[in-house]
K.L.:
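Below you will find the structure I want to go over with you.
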Amino acid sequence: MSDDRELDSSAAESTEKSDFIRTQIRADLAAGRNDGRVHTRFPPEPNGYLHIGHSKAILLNYGVAQEFGGKFNLRFDDTNPEKEETEYVNSIKRDIKWLGADWEDREFYASDYFDTLYEWAVHLISNGKAFVCSLTDEQIREYRGTVKEAGRPSPDRDRPIAESLDLFERMKNGEFEEGQYTLRAKIDMAHSNMKMRDPLLYRIRKAPHHRTGDKWNIYPFYDFAHGQSDAIEGITHSLCTLEFEVNRPLYDWFIENLPVPCKPRQIEMARLNLTYTVMSKRKLLRLVQEGLVTGWDDPRMPTISGLRRLGYTPESIRKFNDRIGVAKRDSTVDLDLLKWSIREELNLTADRVMAVLRPLKVVITNYPADQVEDIECVNNPEDESAGTRLVPFSRELYIEQDDFREEAPRKFFRLKLGSEVRLKHAYFITCDEVIKDDEGNPVELRCTYDPATRGGDSPDGRKVKGTLHWVSARHAVDAEVRLYDNLFKEPFPEEGGDYIANLNPDSLEVVTAKLEPGLADKTVGYRCQFMRLGYFCVDSVDSQPGAAVWNRTTTLRDSWAKLEARSGK
RNA sequence: UGGGGCGUCGUCAAGCGGUAAGACACUAGGUUUUGGUCCUAGCAUUCGCGGGUUCGAAUCCUGCCGCCCCAACCA
C-alpha cells in the first residue's frame, strides 16, 4: 500500500511544472536567447542564517537548472563589509548542501569581481555616464525628490570626466573619509522610478572585508554589483523577489551600458511568508541577539538549521516547496502545510515507539510481582519491513496522565474508574481504584488485567474503545523531552505593534519523560513517532552519549483534542 | 498629486476564449490494537466590483475598488 502512495507522489512530481517562470524560460529557449542555455544562481548575502523562505529560492533556482539541463551557481553577495561574516557563509553552504542543491565547483563571491566592477565604473565615467559626487547623504536624499516630485541634479553632475576619474581613483586609494564622496550614475533625476535618479554606485567604506581584507576603501552597491555578477557568470535567468521589480530598469541599464559578456533576464517572484512566524533576517537576528531563542538554530526558528534540528528532513522541505508553487502575488502560506509535509513523510518511515511524557503510575494488582514479559510490538504499521521489537511488561507501569479520568463523558475512550482499555500490544486492563494525593490528584491507579487478552485481543470477542501507550516502570529510562510549539501565538505576528509581544510564551515546554528501554541508545539522526503523541528526534546539540535529549518535531493530528475543545466552549 | 506589480475556495495555487485542477484546512461517514494513518463523500453556478465585445469571458476591452513595492552611502 505504501508502495502505491510512493508511486503516486513520484508520478505527480514528474508532471511538468508550468509556473510563470518556467513559462518564460521556455519562451526564451524557443527564441534562442542566450544560445539556448539555462543558468541560474542563488545569491545570499552572508549576514544571517538561511530560513525556509530561502529554501524556496534555492530549490527553485536549482530545480529549474536541473529541469532544463542547465547549471546552478552559488554566489555570495558580499558587497557590504560591515554586515557580513564568514560564520554565515559556512552555515549557508551547509544548509544548501543539506537541502540537496548542488553548485558543484561554482562557489562565487561578488567580491571576486571587485576589480572588474572597478574597471566598469571607470568605463562609465569615461563615457560620461557616471560622476563623483560630493553631496552628503542628507543632501543626496533631499536632491532625490520624492515619489511624486522630480529630483534636482547634483551640482557635481557635470564635473569634468578627468576630474571624476581622478577623484574616483583617489577614493579607491583611501585618500578621503567615509561619506566624503560617492560615485553615481548619470541617468535622469526626473525619472518616475526613483531607482533611476542618478543612483549610487560606490561608497567609501574603510571596514575590513571578510574576503578582501583591507584591499578596498570603496565598495559597490547592490545595484552596481548584482546584474554584472550575473553577467560575468553567464547567468541567463536571475530570479529574485518582488521588491526588486523597481530595480529591474536599472539592472538592464547597466547591462546595456557596460561591456558585459552575457545578457541575463531578471524575473521577480513573491517571497514566502508563513503564518505563526517571521521571515526577515533582521527580525530573526533580533530574537537571537536578545536571547529570546537559543540561537539561529533554535528548533523554534524558521531557519533551515532550526528546522533541521527540530526534525525536518530535506525531502519534506522539498515537498513543501513543490506544493506552495511560485507566483507573483503576495501570500502567506498556512504553517499547517509545512507541518503536514513532515508528517506525511514520517508517517511512512518513522518507528512507532512508546514514551510517557507525564507519567501516572499503574499497578496491575493481579500480575505477579517478579514477572516480566517481553511484548512483541510492531515497529511501523505502514511498513511491514520495519519488523517488530520486544518491549518489557511488568506489574508496575506508567501511562499518560491525560489518559485517565476518574469520571469522564461517554466520548472519552480512555481509562476511567471501572472501565477497561487496551494497553497497546499487551493486555486489557480495568481500573479498580484511584489513589490520590492531598490535593485530590491521582497519583496511582490500581488495576487488574485479563491474562487471556495477551497481545491485545480478547478471545471472547469483547471490544474496548481505547488503546493506550505505556512503559514498564522498572525498565523505563528517563529522558529530557522538549515539546516545541509555534514561536508566535498570532498567525500574523507582525500585524499591529511589536512582533516580540506576540511571542508564544508556551513555545517550549521541557519534561522528563519515561521511555521504553530500547530508546536509551538512540543517537543524533534518529526520528520516530512517540505513539499517539507526535514525531520526535534526537537533538543534535544538547544530547550527550547515553543521554539523548528529544525534540518534538510536530504533534499528530488530534481529533479528540479538537472535539473536546469544541464541546468545552 | 508619480511609477511599478498583484487581485480565482479559509490558506496556497492551476487555468491563457469553450463553460472553475490539485494540495492544506474544514465537515460528515467508514476502516483501525495510535481518537494517527487510510478510504468515501462534501466543500467557489463562480473567478475584487461594474460595464462592454462574443454564440460563448476567470481568460479580450473598459471604468472603478483594494492590497503590495519604490524617496538606506542595506540587499
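Each chain gets a letter, A, B and so on, in the order its sequence line appears, and its residues count up from 1. In this text, all values refer to a predicted model and were calculated from it rather than measured experimentally.
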K.L.:
Using the ring pair (Phe, Tyr, Trp, His ring centres under 6.0 Å) criterion, which residues pair with Y427(A)? Sequence neighbours excluded.
P.N.:
F393(A), Y449(A)
K.L.:
Measure from CE on M171(A) to C1' on C73(B) and round the result to the nearest Å.
P.N.:
10 Å
K.L.:
State the CG-CZ distance between L250(A) and R248(A), to the nearest 0.5 angstrom.
P.N.:
12.0 Å
K.L.:
Going by the rule side-chain contact (heavy atoms from CB on, under 4.5 Å), which residues pair with H209(A) if we only count those two or more places apart in sequence or in a different chain?
P.N.:
D78(A), P81(A), E84(A), S111(A), F114(A), R211(A), T212(A), Y219(A)
K.L.:
Using the closest heavy atom to pick a nucleotide of RNA chain B for each, name whichever of M531(A) or F20(A) lands nearer the 5' end.
P.N.:
F20(A)
K.L.:
Between protein and nucleic acid, restricted to nucleotides 64-70 of chain B and to nitrogen or oxygen atoms under 3.5 Å apart, what atom pairs and distances do you find?
P.N.:
from   : atom 1 : to      : atom 2 : distance (Å)
C68(B) : O2'    : D330(A) : OD2    : 3.4

K.L.:
Can you tell me how far C1' of C74(B) sits from CZ of F221(A), to the nearest Å?
P.N.:
9 Å
K.L.:
Under the rule for side-chain contact (heavy atoms from CB on, under 4.5 Å), what residues qualify as partners of I140(A), not counting sequence neighbours?
P.N.:
L135(A), R144(A), T182(A), R184(A), L200(A)
K.L.:
Counting only side-chain nitrogens and oxygens, does R141(A) get under 4.0 Å of the OP1 or OP2 atom of A72(B)?
P.N.:
yes
K.L.:
Among C73(B), G35(B), G36(B), which is the nearest nucleotide to the side chain of T182(A)?
P.N.:
C73(B)
K.L.:
Using the side-chain heavy atoms of R352(A), tell me which of these nucleotides is nearest: C74(B), C12(B), G36(B).
P.N.:
G36(B)
K.L.:
Between K17(A) and D322(A), is the closest basic N to carboxylate O distance under 4.0 Å?
P.N.:
yes
K.L.:
Send over the distance from I324(A) CD1 to A14(B) C1', rounded to a whole Å.
P.N.:
15 Å
K.L.:
How would you list, by chain and number, every residue that makes a side-chain contact (heavy atoms from CB on, under 4.5 Å) with K281(A), sequence neighbours excluded?
P.N.:
E45(A), N47(A), H51(A), H54(A)
K.L.:
State whether a side-chain donor-acceptor pair under 3.5 Å links N379(A) with R352(A).
P.N.:
no
K.L.:
So what's G2(B) paired with, Watson-Crick or G-U wobble, going by both distances under 3.5 Å?
P.N.:
C70(B)
K.L.:
Measuring to OP1 and OP2 of U32(B), would you say a side-chain N or O of T467(A) lies under 4.0 angstrom away?
P.N.:
no
K.L.:
Polar-atom pairs under 3.5 Å, protein N or O versus N or O of nucleotides 15-19 of chain B: list them with distances, or write none.
P.N.:
from   : atom 1 : to     : atom 2 : distance (Å)
G15(B) : OP1    : S18(A) : OG     : 2.8

K.L.:
With R422(A), which residues qualify under salt bridge (charged side-chain N to carboxylate O under 4.0 Å, His left out), at least two apart?
P.N.:
none
K.L.:
What's the closest nucleotide to the R144(A) side chain, out of G36(B), A72(B), G5(B)?
P.N.:
A72(B)
K.L.:
Run the salt bridge (charged side-chain N to carboxylate O under 4.0 Å, His left out) test against D230(A) and tell me which residues pass, sequence neighbours left out.
P.N.:
R41(A), R75(A)
K.L.:
Taking only residues two or more places apart in sequence, or in another chain, which ones meet E420(A) in a salt bridge (charged side-chain N to carboxylate O under 4.0 Å, His left out)?
P.N.:
R462(A)
K.L.:
For U54(B), what is the paired nucleotide under Watson-Crick or G-U wobble rules, both distances under 3.5 Å?
P.N.:
none
K.L.:
N/O contacts under 3.5 Å, protein versus nucleotides 22-26 of chain B?
P.N.:
from   : atom 1 : to      : atom 2 : distance (Å)
C26(B) : OP1    : K562(A) : NZ     : 2.8

K.L.:
Tell me the interatomic distance from E268(A), atom CD, to G5(B), atom P, rounded to whole angstroms.
P.N.:
9 Å
K.L.:
Going by the rule side-chain contact (heavy atoms from CB on, under 4.5 Å), which residues pair with D77(A) if we only count those two or more places apart in sequence or in a different chain?
P.N.:
P43(A), T79(A), A110(A), Y222(A), H226(A)
K.L.:
For E175(A), check salt bridge (charged side-chain N to carboxylate O under 4.0 Å, His left out) against everything at least two apart and list the hits.
P.N.:
R170(A)
K.L.:
Return no unless some side-chain N or O of T79(A) is found under 4.0 Å from OP1 or OP2 of A75(B).
P.N.:
yes
K.L.:
D223(A) has an atom CG; how far is it from atom C1' of A75(B), in whole Å?
P.N.:
9 Å
K.L.:
Do E138(A) and T136(A) pair up side chain to side chain, a donor and an acceptor below 3.5 Å, judged on atom types alone?
P.N.:
no
K.L.:
Please classify the nucleic acid contact of L250(A) as base, sugar-phosphate, or nothing, using heavy-atom distances under 4.0 Å.
P.N.:
nothing
K.L.:
Mind checking R248(A) for me? I need base, sugar-phosphate or nothing, with any heavy atom below 4.0 Å counting as a touch.
P.N.:
nothing
K.L.:
Reckon L468(A) touches a base, only the sugar-phosphate, or nothing at all at heavy-atom distances under 4.0 Å?
P.N.:
nothing
K.L.:
Under a 3.5 Å cut-off for both contacts, is G42(B) paired Watson-Crick or G-U wobble with anything, and if yes, with which nucleotide?
P.N.:
C26(B)
K.L.:
Give a yes or no on whether a donor-acceptor pair under 3.5 Å exists between the nucleobase atoms of U34(B), that is its base, and the side chain of Q529(A).
P.N.:
yes
